[in-house]
Every structure is written in C-alpha cells, then in structure tokens.
Amino acid sequence: MKKNSAVALLLCALIVLSLFSLSACADKNERARKNKSENVVMTVSGRDITELEFQILYSASVQTYLSSNSSSKNVPDTTKSFGEQSCTVDGSTDKTWAQYFTDYTETYCKEIYSVYAAATAQGLSPDNEYVTTQLTNFNSTASSAVSGGKAESESEYITSVFGAGVIVDDIKNYFEILSVYNQYIDKLQDGKTFTDDEKHDCYEKYKDSFDAYIIRLAFFNEDSKNEGLNLDEIDGLSDMSLLEIAEYFKEHYTSSETAFADGYANNFMTTNMLVSYGTADVTRTYDFNGTYFDAYDKNFYGWISSSEREKGDVYLVDASSSGATFVIYYIEKDTRDYNLVNFYEMLVKSDSASEVATKWEESDKSKEAFIALEKEYSIDPNKTNEEGYHTNVYKGYTLFSEINEWLFGEKRTPGECETFETSSGIAYIYFDSYGQLYRDYLANKALLSEYCRTEISNLIEKSGSETKEISDIWKDVPAANGSSSN
C-alpha cells in the first residue's frame, strides 16, 4: 500500500509540475505578446507597426521565399541561425540572411501598409470569403501538425512558425490586411490596357526571360540504376556511377528523339514511374527555363541559348554531388509566338470510359453536353473549377506531351474532342477557343507589374514612413533563429 501511495503521490506531483509548466509557458507567451504589441518599431502612413506585426511579416516573408525557391540552392538553412549565414542572393552577398530578410520585411511593411491606408481611404474592406479560406487552410495545417506529432497544440504550432507572442487572431488580422491589399492591386489593374507597340517593345526588352526551350530531358539517380527496367540488359548498370550512366546514355541513345525517348523508357524508368506516368512520353519537356541548371553547371545557359544551337545537340549536366545527372537533347527555342488555348477537361475511370463514350456520341456534342458529362463522371481531384475549364493554356501547361501536341500541333476547331489514356484514367479534352498571342500575354503581365510597382512606389513616397529598431526581431522567428524543425 505504501508503495502504491508513493507512486500515486509521484504521479500527482508530475501532473502538478506539468500543469505548472504549461501555465508558465502560457504566461511567458502572454508577456511576450504584451511587450511586443506595445513596442512600435515602424510608422507607415501614420499607422504604428508593432514588433509583433513586424515579426509576423518577417516570418511570412521567409516562408514565402523558401516556398518559391524550394528547388534553388540560394536558400538559408532554417536549422541554423540566419545571423551566422551569408546571403547568396545576387546584390546582397555582403549581408547575412538575417539582414537580408530584415531589409526585405521593412520594404514589405512600407508597401503593404501604404497600400492598406490608401485602400481603406477608398472604402475597401476585408474580403471575408478570402480571410475565411486562408484561415481554414492555416488551421488545417496546424491540425495536421498536431495530429502528426509535430506540435502539442495549435497554439504551439503558431509559435513554432511565427514565434512567441503570436496568436490566431494576429494571423487573421494579417489575412484581412492582405485581402484589402489584393483588392487594391486588382482595382489598380482593372481596365488598364497597353498598345501593341508597348507589348512588342516589352517582349523585345525581356525576351531572354520570357522565352523558353523545348527539349528532351533524361535524369538519372540511384533508382534509375538499381530499379530501372533495363530491358536492353546493359552490362554492369548497377555498378556504374551516375556520371557513367549519363555518359553511357549520351553515347548510345541520343541519335534521334525516338532513340532518346525509347532508350530512357526501356531502361531507366522504374515501376513506380510507370505507375505514375503510364504511357506518357516523360522525356519531352516544354517550357524549360535555360537557367535551371545554373547551380550545377554555369556553362549550360550559354550552351542552350547559343544562336548556333540546332535540333539534336546534346549536353550532359553532372549534378551527381546532389544525387542526379542529366542528359539534355535540344529540340527548339520557344519564342512564345503562338496563341494560348482554352479547353475543358474530364478525367474518368477506365471502367466508365465506354459508358461516357456512348453518352457523348448520343449527345449533340456541344460544350454544354461535355460539361454535363464532366460534372457526372469526372474523378479529377485537382480540377481548377466545377466545369474542368482551363484558360490561357501554354505549351507545357499539362505534363502529358501527347495532349500538348494535340492542342498545339495543328490548327484546332472549337468543339473538337479527343481522348488520352493516362495512369489516372481516360482524359477527355474538349477544345473551346484560342486566346491571345502568348508573348503578348506575358508582356501584358510584365507591363501591369511595372505599372503597379511604379504606382506603389509613388504611394510609399507620399505616405511617409519611419523605422526605429528592427535589427534583432529576426531572433524571435523560429525559421530564422535556428530553432525551426522544418
């Protein structure tokens, strides 16, 4: 009995200590929140920006940067202090990552709060639907973190992302400001048009960044040599280094597009790839950015952008230090000199294909008939809207080269319909219409962006701002201070 009593007393003590610890953490978080909420670090358009608000925007800036540059080497290590890492962004290599994001966030604060002040003066208010959607997505992520054991509670998850003192109401407030900002930008762009000469001049100015390439791309990793189909029974494949595999492929399978595609599919595709891609031509690659391999081979861009480049030219990129090698077969430069397309898509189960085909043949084959079938049979979990409608589609928008070739290979007529077998089912494509010239579309977006930047810069200058002490705020952001678990 005494032993049991002792155990019971110990458990009670542990519970009390645990509750005390949780209470202490809550009190600490509340104190941090109070102090940061009272500490004004910037003033923009007459609005005081607190340390807490700056901290939230700093974290958001880091997360956005990491997400948009996930495939780049120009990213900081979030498990180490940003103050101990040199920034690798061009023009900022004299700074630490902590300084880089502090400067970035300061500029971001000036922009977002200047716009917010101008927007509210025009009577714009938060878009409740946008705010609710963003909060729902955030709460879902927080719940997943808790259920997955990455956080003990949703409040702890918020702290792990944004730092001490931040609560869900602060996140909501941030989304409300963002929604007003977005509305102002949309209003600024509404009705703004540019002449054909302006779009032409813009394209000529930025064509090096607008243009892309159509290539065939073969990549090789450990799975390629250990789990590849190897139907040609290549001797010693599993003993080759990744560089040796790429060199072998370049020597034996690059005499033509067909040889390239078949050589890769027959020998280096794995069973998992077959499940994912089915019969798709996986090596043909559209919309390829010539700077893609800059982190591994500084000479590649010069090679692919050379005016001497011809179809069939081949290049090998050795990124084996990062676990892969690549062989590139040049096809052509994509100068965006074609019209975008708009189409409807319906993905159906293979065992429903016959039934869908019969109903389609019995229909008047109109757009309305296709939409009705799409709503009844489509199983696509990633469709962009209820009708499966895709607008402003460019070469490479869809991963399946066969669909790209059908959409852009020859002149299509509104109402044409074609089917394609994919690993997920049968895809029905209904051609709706042609859009504007792609290079005009890109130029128009760039001109709108420049116009908005100019207007916002003028707004910031007129609004006025004052910055106090912000240099150490990054230390409370988990992704910046090295305490991030991501």
Side-chain angles (χ1 to χ4, degrees), residues 66 68-75 77 88-90 93 207-230 232 234 236-270 272-273 276-277 280-335 395-396 399 401 404:
L66 293 175
S68 59
N69 293 276
S70 58
S71 61
S72 170
K73 281 192 171 182
N74 290 331
V75 293
D77 183 347
T88 54
V89 176
D90 289 344
T93 52
K207 62 182 178 182
D208 285 346
S209 60
F210 286 166
D211 291 347
Y213 301 90
I214 300 176
I215 63 171
R216 284 194 177 275
L217 176 67
F219 80 93
F220 310 94
N221 57 16
E222 291 299 318
D223 288 344
S224 303
K225 70 176 186 178
N226 296 322
E227 300 177 24
L229 299 178
N230 196 13
D232 291 345
I234 301 170
L237 177 61
S238 61
D239 295 324
M240 293 183 186
S241 68
L242 296 180
L243 178 57
E244 288 172 335
I245 291 176
E247 290 172 337
Y248 183 93
F249 185 90
K250 181 180 177 182
E251 180 181 351
H252 293 86
Y253 296 110
T254 58
S255 60
S256 67
E257 281 198 69
T258 300
F260 193 103
D262 290 346
Y264 189 78
N266 293 339
N267 299 292
F268 302 99
M269 282 189 70
T270 65
N272 287 337
M273 291 175 68
S276 299
Y277 300 107
D281 184 353
V282 296
T283 63
R284 190 172 179 90
T285 305
Y286 300 84
D287 199 41
F288 182 78
N289 188 327
T291 63
Y292 184 82
F293 291 118
D294 275 2
Y296 307 105
D297 189 333
K298 293 294 184 182
N299 297 319
F300 177 76
Y301 180 74
W303 176 84
I304 198 169
S305 62
S306 170
S307 59
E308 298 179 357
R309 203 82 291 123
E310 295 180 350
K311 181 177 180 179
D313 289 348
V314 179
Y315 195 97
L316 188 155
V317 174
D318 180 13
S320 51
S321 60
S322 296
T325 51
F326 305 83
V327 174
I328 296 88
Y329 181 103
Y330 184 89
I331 298 177
E332 64 179 332
K333 187 174 186 178
D334 180 359
T335 59
K395 294 178 182 178
L399 293 177
S401 58
N404 278 288

Working to the nearest 0.5 Å, report the span between [atom1] of [X] and [atom2] of [Y].
X: Asn230; Y: Ser224; atom1: CG; atom2: OG; result: 11.5 Å
X: Phe219; Y: Ile328; atom1: CZ; atom2: CD1; result: 12.5 Å
X: Ser238; Y: Glu222; atom1: OG; atom2: CD; result: 10.5 Å
X: Leu243; Y: Leu316; atom1: CG; atom2: CG; result: 6.0 Å
X: Ser241; Y: Tyr248; atom1: OG; atom2: OH; result: 14.0 Å

What orientation do [X] and [Y] show, parallel under 30°, tilted 30 to 60°, or perpendicular over 60°?
X: Tyr315; Y: Phe300; value: perpendicular
X: Tyr253; Y: Phe268; value: perpendicular
X: Phe293; Y: Phe288; value: tilted

Which one of Asn69, Thr88, Asp90 satisfies the side chain to side chain donor-acceptor pair (under 3.5 Å) criterion with Asn74?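 By the side chain to side chain donor-acceptor pair (under 3.5 Å) criterion, Asn74 pairs with just one of Asn69, Thr88, Asp90: Thr88.
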
Determine whether [X] and [Y] make a side-chain contact, defined as any pair of heavy atoms from C-beta on separated by less than 4.5 Å.
X: Glu257; Y: Lys311; answer: yes
X: Ile234; Y: His252; answer: no
X: Arg309; Y: Trp303; answer: yes

For residues [X] and [Y], report the shortest heavy-atom separation together with the two atoms involved.
X: Lys225; Y: Leu237; value: CB-O, 3.8 Å
X: Asp239; Y: Glu244; value: O-OE1, 4.4 Å
X: Ile304; Y: Gly290; value: CG2-CA, 4.0 Å
X: Leu242; Y: Ser320; value: CB-CB, 4.3 Å
X: Phe249; Y: Thr254; value: O-CG2, 3.8 Å
X: Ala246; Y: Thr325; value: CB-OG1, 3.6 Å

Tyr330 vs Lys333, side-chain contact (heavy atoms from CB on, under 4.5 Å): CA-CA, chis, key distance, verdict: CA-CA 9 Å; Tyr330 184 89; Lys333 187 174 186 178; 3.6 Å; yes

How far apart are the C-alpha atoms of Arg284 and Ile214, what are their side-chain angles, what is the distance that settles it, and do they pass the side-chain contact (heavy atoms from CB on, under 4.5 Å) test? CA-CA 7 Å; Arg284 190 172 179 90; Ile214 300 176; 4.1 Å; yes

Under 3.5 Å, side chain of [X] to main-chain N/O of [Y], donor-acceptor pair present?
X: Asn221; Y: Asp223; answer: yes
X: Asn267; Y: Asp232; answer: yes
X: Asp334; Y: Asp287; answer: no

Would Ile331 and Arg216 satisfy side-chain contact (heavy atoms from CB on, under 4.5 Å), going step by step from the backbone distance to the final call? CA-CA 7 Å; Ile331 298 177; Arg216 284 194 177 275; 3.9 Å; yes

Working for side-chain contact (heavy atoms from CB on, under 4.5 Å), residues Tyr264 and Met269: CA-CA 6 Å; Tyr264 189 78; Met269 282 189 70; 3.8 Å; yes

